[in-house]
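So the structure is just underneath, and the comments pick up after that.
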Amino acid sequence: MTHDLGTLAQVVAFLVAIMVLARACADEGVFEVLGGQMARVARGSSTRLLAWSVGLAAVVTVVLSLDATVVLLTPVLIAASAARPHRSHAYASVRLANSGSTLLPVSNLTNLLVFGSTGLTFVGFAWAMLPVWLVAVAAEYAVLSWWFRDELRSPYVQPTGEDQALPLFPCAVVLVVLFALASGTTPWVPAAAGAILLGGYALVRRTSTVNDLIHAANLPLAALVLAWGSVVNWLGTTRVGDWFDDAMPAGTDLGALLLIALIAMVAANLVNNLPATLLLLPPAATAGPAAVLALLVGVNVGANLTLIGSLANLLWRQSGGRTLSSVREFHRLGLATTPAIVVVCTTVLWAWTSLVW
């Protein structure tokens with residue numbers, strides 16, 4: 001068994017803590033201020049606004065995890081285009097939530113699950129994935145610019161009024177938590193400390209309520225993830241696990257890494273990326289850290305292929321994505337573009353790791 005119940009519980013505890021932290025940031029106005037500033041800087045150009053939306057979604061995903069992006073940032077990006085919301089800006093949050101979650105070990109639950117198996121430090125992981133992340137972000141911007149090119153020709157209504165100042169205390173707490181995570185501390189500990197500190201601050205200022213923070217923790221989802229992970233862990237000890245072991249290549253040349261990433265992409269969109277990661281990690285880990293990182297490309301970037309590829313996709317629809325998109329369009333966009341981005345990102349991973357390792 002790759003992960004025992006205690007390890008999975010720590011991963012889920014991090015998810016709960018970071019969602020509370022993100023909600024407190026949202027209630028303090030961090031996302032709204034960033035969204036307003038972004039809409040003003042773009043000066044009425046829908047194309048520039050999309051670029052800022054992609055960048056903001058990528059950064060929020062890296063720092064606060066993909067769930068914060070789809071749940072808390074999606075309404076901000078939709079509102080940024082004011083009276084005529086653009087679909088491209090809504091899609092930016094979900095596409096970048098998945099593709100933009102490759103950079104840090106804490107940006108996605110899948111990253112946390114495999115981090116120990118890579119043998120890399122926090123900084124080493126980020127260094128190995130930096131070119132992949134940059135290419136993924138650029139590719140998603142190119143895809144959205146092309147797919148919604150007709151829509152982006154129309155300007156949007158700029159917000160009126162003066163810029164609001166960015167709340168400094170929430171930003172400072174997030175930065176301290178990020179530095180603590182980079183130091184190698186068990187991820188859930190600084191995340192929980194940050195959630196308690198900033199949550200308490202928001203409660204004292206009455207910008208949040210206890211019910212708001214409990215709702216943000218999404219404990220039923222946490223319990224589901226924990227139960228789901230435990231079941232899949234058990235499946236890994238049966239013939240199902242043996243089948244995945246046999247299907248995964250053992251090498252780390254370009255062909256092997258591409259095959260690992262594509263198998264991971266298919267698996268993620270059949271059973272969701274979290275159980276796919278648990279099932280595919282043991283054979284990938286035997287091939288070395290490059291194979292594990294290729295697995296992450298497949299389950300993270302590849303999760304944009306279908307709605308069931310990631311829980312973030314489903315949360316995105318609940319957070320406003322369904323108002324501007326259809327299930328059909330989501331899958332048309334995913335099928336037309338996601339496999340190619342996975343191949344490009346995996347090729348970059350192979351070239352970069354071959355150079356620096």
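Note that these values count all heavy atoms, side chains included, but never hydrogens, waters or copies made by symmetry.
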Between [X] and [Y], do the side chains contain an N or O donor and an N or O acceptor separated by less than 3.5 Å?
| X | Y | answer |
| --- | --- | --- |
| Ser46 | Glu151 | no |
| Tyr91 | Glu140 | no |
| Thr61 | Thr69 | yes |
| Thr110 | Thr277 | no |
| Trp147 | Thr337 | no |
| Ser99 | Asn304 | yes |
| Ser45 | Thr47 | no |
| Asn98 | Asn300 | no |

Main-chain N/O of [Y] paired with [X] side-chain donor or acceptor, under 3.5 Å:
| X | Y | value |
| --- | --- | --- |
| Asp253 | Ala256 | yes |
| Trp188 | Ala17 | no |
| Asn273 | Asn269 | no |
| Thr347 | Val343 | yes |
| Asp67 | Met19 | no |
| Arg206 | Ala202 | no |

Taking Leu21 as the fixed residue, which of Val173, Leu197, Ile196 is the one that meets the side chain to side chain contact (heavy atoms under 4.5 Å, CB included) rule?
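Checked Val173, Leu197, Ile196 against Leu21; only one passes side chain to side chain contact (heavy atoms under 4.5 Å, CB included): Val173.
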Step-by-step ring pair (Phe, Tyr, Trp, His ring centres under 6.0 Å) determination, Trp127 to Trp357
CA-CA 11 Å; Trp127 179 243; Trp357 288 351; over 10 Å; no
Tell me whether [Y] is reachable from [X] by hopping between hydrophobic residues (I, L, V, M, F, W, Y) whose side-chain heavy atoms are closer than 4.5 Å.
| X | Y | result |
| --- | --- | --- |
| Leu335 | Trp146 | yes |
| Leu296 | Val123 | no |
| Val143 | Leu66 | no |
| Leu130 | Val137 | yes |
| Leu34 | Val41 | yes |

Separation between [atom1] of [X] and [atom2] of [Y], rounded to the nearest 0.5 Å:
| X | Y | atom1 | atom2 | value |
| --- | --- | --- | --- | --- |
| Thr186 | Gln10 | OG1 | CD | 6.0 Å |
| Thr209 | Asp27 | OG1 | CG | 7.5 Å |
| Leu144 | Arg149 | CG | CZ | 12.5 Å |
| Ile18 | Arg23 | CD1 | CZ | 15.5 Å |
| Leu73 | Glu32 | CG | CD | 11.5 Å |
| Leu152 | Arg87 | CG | CZ | 9.5 Å |

Under 30°, 30 to 60°, or over 60°: which ring-plane class applies to Phe330 and Trp316, parallel, tilted or perpendicular?
tilted
Is the Phe122 ring parallel, tilted or perpendicular to the Phe115 ring (thresholds 30°, 60°)?
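Plane angle over 60°, so perpendicular.
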Co-members of the apolar cluster containing Leu213 [side chain, <4.5 Å]
Val20, Leu203, Val210, Ile214
Crowded around [X] [atom1]? As in, over 12 foreign heavy atoms under 6.0 Å?
| X | atom1 | value |
| --- | --- | --- |
| Gln164 | CD | no |
| Trp352 | CH2 | yes |
| Phe169 | CZ | yes |

Heavy-atom pair of closest approach, residues [X] and [Y]:
| X | Y | answer |
| --- | --- | --- |
| Val70 | Val94 | CG1-CA, 4.1 Å |
| Ser93 | Ala57 | CA-CB, 4.1 Å |
| Asn108 | Ser101 | ND2-OG, 3.1 Å |
| Pro75 | Leu72 | CD-O, 3.6 Å |
| Val62 | Gly100 | CG2-O, 3.6 Å |
| Ala287 | Thr252 | O-CG2, 3.2 Å |

In sequence, state the C-alpha distance, the side-chain angles, and the governing distance for Val327 and Arg317, and then conclude on side-chain contact (heavy atoms from CB on, under 4.5 Å).
CA-CA 10 Å; Val327 172; Arg317 284 187 60 78; 4.0 Å; yes
Do Arg95 and Ile341 pass the side-chain contact (heavy atoms from CB on, under 4.5 Å) test, and can you show the C-alpha distance, the side-chain angles, and the key distance before you say yes or no?
CA-CA 11 Å; Arg95 298 281 299 192; Ile341 298 177; 3.8 Å; yes
